[in-house]
There are 2 protein chains.
Amino acid sequence: MSQNKDVTIYDIADALNLSTSTVSRALKNHSSISKKTTLKVNEAAAKMQYTPNILASSLRNNKTNTIGVLISRINRPFMSDLISGIEVVAQKAGFNVIIAQSHDSYEDEVNMCQALYNSRVSGVICSLAMETKDTDHFDQFRNKNIPLVFVDRVPKTFTTYRVMIDNYSAGFKAAQHLIEQGYTRIAHIAGLKFRSIYNEREQGYRDALKKYNLPEEDNLIIHVKTMSYEEGEKAVNKLLSLENPPDAIFSSNDTTAVAAIQVAKSRGLRIPEDFGVIGFNNDPISRIIDPGLSTISHPAYEMGKISSKKILKHLKKSKNESITEISFLNTDVIIRGSSKRLKD
Amino acid sequence: MSQNKDVTIYDIADALNLSTSTVSRALKNHSSISKKTTLKVNEAAAKMQYTPNILASSLRNNKTNTIGVLISRINRPFMSDLISGIEVVAQKAGFNVIIAQSHDSYEDEVNMCQALYNSRVSGVICSLAMETKDTDHFDQFRNKNIPLVFVDRVPKTFTTYRVMIDNYSAGFKAAQHLIEQGYTRIAHIAGLKFRSIYNEREQGYRDALKKYNLPEEDNLIIHVKTMSYEEGEKAVNKLLSLENPPDAIFSSNDTTAVAAIQVAKSRGLRIPEDFGVIGFNNDPISRIIDPGLSTISHPAYEMGKISSKKILKHLKKSKNESITEISFLNTDVIIRGSSKRLKD
DNA sequence: TTGTAAGCGTTATCAA
DNA sequence: TTGATAACGCTTACAA
């Protein structure tokens with residue numbers, strides 16, 4: 001009994017001797033249709049197992065109620081929390097979420113941007129690929145008044161919504177915490193410089209050192225490309241092999257921070273006594289590793305929810321406005337064993 | 001300049017004095033159209049910034065090239081790896097992936113099933129909610145010959161594709177490993193009984209004990225509902241408070257296994273000397289915790305890729321067949337410090 | 001090789 | 001309160 005055709009409003013109309021317009025209206029409880037007819041139609045629809053064809057209605061209405069999400073990779077704790085938050089809000093509003101991965105490649109990002117556009121998504125939420133420098137491929141959304149939200153890895157300039165944290169002050173707070181614990185030679189594993197979130201964290205770190213009159217040495221800062229565990233290992237080994245090695249490190253994500261802990265431990269350093277570590281993101285591993293990894297909270301789930309809400313709110317407006325609106329979320333220093341050298 | 005209408009094939013046809021059918025065919029390099037015309041059309045399309053309206057073509061062709069994914073929660077390592085695998089294969093084939101979360105609720109699962117159906121997805125990949133016992137809500141897909149793949153948490157019976165591991169033998173292997181390391185009172189944190197993957201692991205565990213003539217005691221087996229860290233803590237505290245406590249534990253996921261390690265350590269037990277632990281899934285935390293968590297590999301990414309491929313392959317067939325096809329993926333015992341009591 | 005025209009299922013305008 | 005009809009943008013059978 002497969003492959004039988006879908007029941008459409010025509011079938012319902014036929015069965016009840018009504019017109020399709022009446023059926024269509026009755027199905028959405030339009031006020032102009034009598035209670036009796038509305039009831040009759042909905043009953044028939046249920047009995048005949050009618051399911052609305054969203055494609056047809058999307059085509060007709062020129063809107064899909066679908067949010068496109070374009071991120072580097074789904075299987076990172078930050079990203080999956082982000083999507084989860086996006087999806088929860090979308091689901092409640094009856095929106096679908098479609099997912100595309102850039103794998104941190106500029107080319108993939110451009111292609112998937114196009115694919116999302118062709119799918120006529122109602123809105124787009126994007127965290128830029130590591131490689132991405134220009135954002136021309138997003139212009140088409142703005143040109144069509146399709147709301148676009150950049151989240152976390154945002155471009156420096158683009159007339160649109162941005163949902164982010166204050167990376168500068170987060171970097172400052174991270175370094176400051178280490179300084180307050182008495183560390184004096186503080187290294188930094190940073191992301192690529194043109195990616196502003198990493199650059200801002202680095203600036204915050206630099207300014208904290210400056211404020212406390214600690215040396216800012218370029219060889220204590222290592223820029224890595226993907227922030228993988230392996231890159232972290234390599235960077236930390238290099239740092240600890242310096243003639244005058246650091247006594248602490250601020251890593252711009254938890255993965256490389258965990259690598260720092262493991263490498264330092266394997267070299268016989270005691271943590272936090274000999275070597276302090278603070279990461280970024282508050283990934284699940286940060287509370288599992290021994291000692292616990294101090295880190296900066298990064299409210300991914302909340303950022304996802306807000307991003308969805310921005311899209312939904314924009315779609316409710318009838319006016320067609322160009323908007324630059326930045327939402328900053330709060331971050332906290334989460335202190336665990338990896339950096340807690342002083343008793344309170 | 002926003003809100004300008006999309007360029008359609010009508011616009012291209014007008015501009016070139018051709019019919020829409022010619023344009024449509026030229027855009028897909030149909031063989032019946034002359035090289036010259038094809039070239040001309042594609043050039044004009046590029047110049048006019050034409051973007052195909054996938055909705056319209058989906059409606060017309062009655063297929064969306066979209067795979068719907070219905071899972072409990074995105075932000076679990078297993079699930080995000082799974083989706084990542086699904087998406088990679090889909091993306092290559094020009095398919096979209098739309099995501100829905102059941103949050104392990106039966107009601108949500110039913111609702112999202114309907115939403116996916118209404119979206120006219122070309123295929124569905126689902127890992128059942130913890131609560132789900134009946135699968136009537138999936139009948140509609142089978143009835144319409146829409147390929148359906150159950151992955152990991154599969155129903156016991158349903159004529160469709162299934163992608164899974166051999167949970168019985170995985171459970172057996174896990175218990176066997178502990179036995180071989182000399183543990184003799186082996187407890188088990190199990191998932192809900194009616195969820196077959198957990199029940200099969202439990203059976204494997206039971207049969208391993210039987211084979212090695214170890215006692216099977218019901219009070220050494222605790223069934224938990226969500227397998228959260230907190231549930232794990234509670235269960236392990238209970239087990240270790242028994243008059244005759246276990247000397248090892250096999251947990252049906254890594255989250256509760258990590259809880260077991262932490263609780264045991266906090267109670268002064270040495271791991272693996274006094275207490276052995278093996279988990280399930282090989283989540284990232286398993287290699288970070290100290291000692292490293294022994295576990296069973298669970299090839300999520302690969303399972304995602306295979307699931308996508310099953311969908312794509314089915315869609316290529318013209319025939320309309322009911323299929324029961326089960327793909328079993330291999331699992332390995334991954335031995336780390338939490339259970340390695342004997343020297344090799 | 002190209003064109004005509006109908007149709008996918010829905011919704012909105014206008015008329016009754 | 002209900003109905004007739006056109007339209008959304010694309011594809012395809014059939015005709016030329």
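Convention: sequence-line order gives letters A, B, ...; per-chain numbering from 1. Just so we're clear, the structure is a prediction, and the values are computed from it rather than from any experiment.
Atom NZ of A:Lys63 and atom P of C:dG9 are 22 Å apart (whole Å). Distance, B:Asp14 CG to C:dG3 P: 12 Å, rounded to whole Å.
The list of side chain to side chain donor-acceptor pair (under 3.5 Å) pairs with a residue in residues 56-65 of chain B, not counting sequence neighbours, reads B:Thr64-B:Ser122. Within the structure, the ring-ring contact (aromatic ring centres under 6.0 Å, His included) test picks out the following pairs touching residues 59-96 of chain A (sequence neighbours left out): A:Phe78-A:His298.
Taking the centre of each ring, A:His137 and A:Tyr106 come in below the 6.0 Å mark.
Environment of CD in A:Gln114: crowded, with over 12 heavy atoms of neighbouring residues, nucleotides or ligands closer than 6.0 Å.
Using a 4.0 Å heavy-atom criterion, one finds that A:Thr37 contacts the sugar-phosphate atoms exclusively. Contacts of B:Ser31 with the nucleic acid, taken as non-hydrogen atoms under 4.0 Å apart, involve only primed sugar atoms and P, OP1 or OP2. Using a 4.0 Å heavy-atom cutoff across all strands shown, A:Asn17 reaches sugar-phosphate atoms only and no base atom.
One end of the helix from C:dT1-D:dA16 to C:dA16-D:dT1 points its axis 40° away from the other end's axis, with each axis taken from 5 pairs and the angle rounded to 10°.
For the pair B:Gln101 (side chain) and A:Ser84 (backbone), a donor-acceptor distance under 3.5 Å is present.
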I need a per-nucleotide contact map over nucleotides 6-11 of chain D, read 5' to 3'. Cutoff is protein heavy atoms under 4.0 Å; write B for the base, S for backbone only, - otherwise. BBBBBB

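Not counting sequence neighbours, A:Tyr50 has no partner by the ring-ring contact (aromatic ring centres under 6.0 Å, His included) test. Residues satisfying the salt bridge (charged side-chain N to carboxylate O under 4.0 Å, His left out) criterion with B:Glu325, sequence neighbours excluded, are B:Lys310.
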In sequence, state the C-alpha distance, the side-chain angles, and the governing distance for A:Ser105 and A:His103, and then conclude on side chain to side chain donor-acceptor pair (under 3.5 Å). CA-CA 5 Å; A:Ser105 138; A:His103 296 105; over 6 Å; no

